[in-house]
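As structure tokens, the structure follows; a few thoughts come after it.
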Amino acid sequence: MKLYNTLTRKKEEFIPINGKEVNMYVCGPTVYNFFHIGNGRTFIVFDTIRKYLEYRGYKVNFVQNFTDIDDKMIKRANEDGITVKELGDRFIEEYYKDADGLNIKRATINPRATEFIEDIIEFVQELIKKGYAYEINGDVYFETKKFNEYGKLSGQNLEDLQAGARIDIDERKKDSTDFAIWKKQKPGEPAWDSPWGKGRPGWHIECSCMAHKLLGETIDIHAGGFDLIFPHHENEIAQSEGRTGKPFAKYWMHSAFLNVDNEKMSKSLNNFFTAREVLQKYDAEVIRLFMLSGHYRTQLNFSEELLESAKAGLDRVYNALGNLENLLDEVEKEQMDSEEKEYSKIIEGYKEKYIEKMDDDFNTADGISVIFDMVREVNTNINRNSSKEIIKLALNLIRELGAPLGIGQKSTKISLENEIEELVNKRQQARKEKNWALSDQIRDELKDMGIILEDTPQGVRWKKIN
Ligand code: AMP
Ligand code: ZN
């Protein structure tokens, strides 16, 4: 298996440090609000990568943190008149609702930064002791020039960074590129006791500390959105490698942005949709198919059109699954005959193709194409003359290959009912708008599916005719 390592800027063979066990740390959300579907892309991407690693036989220890103390948290808690802890509790709960809604598997551990304050203080002390950090009047800074390899992840050198950072000069720091790892309490801010007085941790040290504490000195994969390469991950490397003298992560992975009109979806640009809003309109499987239809290192534009086309693609998958399930009830022949045994190699060949694509830096776009090719294949060549055995083989394989991506995992019955409900609602809307042509067209469409409608005083009812 190969994956692209941001650190070396190359696709590399994936060889975990500890055999079949993978320690993976993904930077999680700051829990001051609902997450938007741009954050959702990153969560879905790394959920898929984790599930695919598991599919390939790895045991994945998956840690994704919650940043529950920072400027944004403090500001929002003050606005709402609640404590930062209460705000964190609330939006962690909301995070789980939306992440579960997107069929994101729960992490092995979701640590909260504020639960690691003692360890963070110890981390800061170690850095001071080793000469990488200095305290000035209650604030502690990391001294970038002490870490020789500063800039290696983002491919920048310290001089360029210094030139770029001059505008943001802070008199207390020795150098403009030094960054805070412990922040002195400002009036009204939550704070913890420390050897440097009351204060709170900086953002970067939280992740260094939690990754170290929960997964060890050198982890296999450290991941996050593309915007985290600099400064967040660059600073994490400086802190962690400064402390241990060992590589912090073997592989660094970054997923590209979800854009709106070619601009990053973000809270600050106010061009975002919350995951929750999008989930009200589209099924999680549709959203996942849309997100994974592009490679994770390629930017993707959020558009209704693309979501609709994902929906149509997913319908094709469920139609095939539904047909196969019906055939399974209908056909008599149990076992494959010799001709079918030969043919089954074609079916199994899709698994090989899928693995080949996904093993190549998690190329979900091509992996999805393989599933669509397989759907086309079974629609053409599996029929009433097929055996139960080959039908089951095809059915299980479509579900198996869809699993890491999170598509084709629902019962076809539920999916069909949803589709009918949706068409019935669409027809109601058309009638309200006096669009009789569309309303008749939908009625015919439903009839073709074996569904008839009854207009009753309580509204429209539908039933199946056999
Ligand atoms: P935040 O809560 O802003 O720290 O973001 C949580 C995660 O979402 C980080 O890994 C970010 O890199 C990622 N992220 C933020 N905006 C986007 C976007 N528009 N597209 C993809 N990932 C994003
Ligand atoms: Zn982080």
Side-chain angles (χ1 to χ4, degrees), residues 6 24-49 63-73 75-76 87-88 91-92 94-95 98-99 102 104 107 109-113 116 120 123 153-154 179 181 201-215 219 221-240 248-249 252-275 278 287 290-292 294-303:
T6 310
M24 181 165 180
Y25 185 98
V26 181
C27 292
T30 308
V31 281
Y32 70 110
N33 214 329
F34 296 100
F35 69 83
H36 61 65
I37 199 67
N39 305 127
R41 179 181 188 194
T42 295
F43 303 148
I44 288 173
V45 159
F46 293 112
D47 174 62
T48 301
I49 288 174
V63 176
Q64 184 183 286
N65 70 293
F66 289 122
T67 298
D68 63 348
I69 177 77
D70 82 337
D71 291 343
K72 285 180 289 203
M73 293 284 303
K75 183 164 172 277
R76 174 77 197 253
L87 182 71
F91 282 109
I92 286 174
E94 303 292 2
Y95 167 86
D98 294 336
L102 289 169
I104 290 169
I109 312 176
N110 280 131
R112 288 176 72 150
F116 288 81
I120 293 172
F123 209 120
L153 181 71
S154 53
F179 57 90
I181 53 179
W203 171 36
H204 317 302
I205 197 87
E206 297 170 5
C207 285
S208 276
C209 174
M210 290 184 279
H212 178 249
K213 182 88 186 171
L214 299 168
L215 295 171
I219 61 180
I221 300 175
H222 196 316
F226 192 76
D227 53 339
L228 299 189
I229 297 175
F230 189 86
H232 186 51
H233 288 164
E234 195 72 74
N235 291 352
E236 280 191 43
I237 290 180
Q239 297 161 156
S240 296
F248 179 30
W252 286 86
M253 298 185 73
H254 295 96
S255 65
F257 295 144
L258 182 70
N259 291 339
V260 177
D261 296 330
N262 299 313
E263 251 185 323
K264 178 192 173 194
M265 183 183 284
S266 74
K267 296 221 171 91
S268 55
L269 290 172
N270 206 23
N271 61 353
F272 66 92
F273 297 94
T274 61
V278 183
I287 299 172
F290 155 70
M291 294 287 186
L292 300 170
H295 189 269
Y296 76 91
R297 285 190 290 112
T298 309
Q299 298 193 14
L300 187 66
N301 249 317
F302 182 76
S303 79

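Whatever order the structure lists them in is the order used to number ligands and atoms, beginning at 1. The shown structure was predicted, so the numbers you read here are calculated from the model rather than taken from an experiment. The analysis underlying the following values was restricted to heavy atoms, covering all of them including side chains, and did not include hydrogens, waters or symmetry mates.
Here Cys207 contributes SG and His232 contributes NE2, and at the Zn ion (ligand 2) these two atoms make an angle of 110°, given to 10°.
Taking all heavy atoms of Ile229, Asn259, Leu258 into account, the minimum distance to atom 20 (N) of ligand 1 is reached by Leu258. For atom 7 (C) of ligand 1, the choice among Asn39, Ile44, Val31, Asn33 with the nearest heavy atom turns out to be Asn39. The closest heavy-atom contact to atom 10 (O) of ligand 1, among the options Gly225, Ser268, Ser255, Ala223, comes from Gly225.
Distance check, rounded to the nearest 0.5 Å: CZ of Arg41 to CZ of Phe290 gives 8.0 Å. Atoms CG and CZ, from Leu300 and Phe257 in turn, are 13.0 Å apart once rounded to the nearest 0.5 Å.
Taking distance alone, with nitrogen or oxygen atoms compared against 3.5 Å, Phe43 stays at or beyond that limit from ligand 1. Checking only distances, Phe257 never comes within under 3.5 Å of ligand 1, N or O to N or O.
Residue contacts with ligand 1, taken as heavy atom pairs separated by less than 4.0 Å, involve His36 solely via side-chain atoms from C-beta onward. With a 4.0 Å cut-off on non-hydrogen atoms, Leu228 touches ligand 1 through its side chain and not its backbone. Contact annotation for Ser266 and ligand 1: no heavy atom of the residue comes within less than 4.0 Å of the ligand.
The protein non-hydrogen atom at the shortest distance from atom 4 (O) of ligand 1 is Thr30 OG1, 3.8 Å.
Closest heavy-atom contact between Asn65 and Pro29: O-CD, 3.7 Å.
Below 4.0 Å from some heavy atom of Asp227 lie the following atoms of ligand 1, by number and element: 11 (C), 12 (O). Within the listing of ligand 1, atoms 10 (O), 13 (C), 21 (C), 22 (N), 23 (C) sit less than 4.0 angstrom from a heavy atom of Thr42. Taking every heavy atom of Pro29 and a limit of under 4.0 angstrom, the matching atoms of ligand 1 come to 2 (O). Every atom of ligand 1 is numbered from 1 in the order shown, and the set under 4.0 Å from a heavy atom of Gly38 is 17 (C), 18 (C), 19 (N), 20 (N), 21 (C), 22 (N), 23 (C). Applying the 4.0 Å criterion to heavy atoms of Met265 picks out, from ligand 1, the atoms 16 (N), 18 (C), 19 (N).
Within the structure, ligand 1 has Ala256 among the residues with a heavy atom less than 4.0 angstrom away.
The aromatic rings of His254 and His233 sit tilted, their planes meeting at an angle between 30° and 60°. Using the six-membered ring where Trp is involved, His212 and Phe123 have ring planes that are perpendicular, over 60° apart on the 30 and 60° scheme.
Distance check for His233 against the Zn ion (ligand 2): none of its N/O/S atoms falls below 2.8 Å.
Note: Tyr95 and Phe43 meet the aromatic proximity criterion, with ring centroids under 6.0 Å apart. For an aromatic pair to be called close, the ring centres must be under 6.0 Å apart, and Phe91 with Tyr32 fails this.
Counting only N and O atoms by type, the side chains of His222 and Glu236 include a donor and acceptor under 3.5 Å apart.
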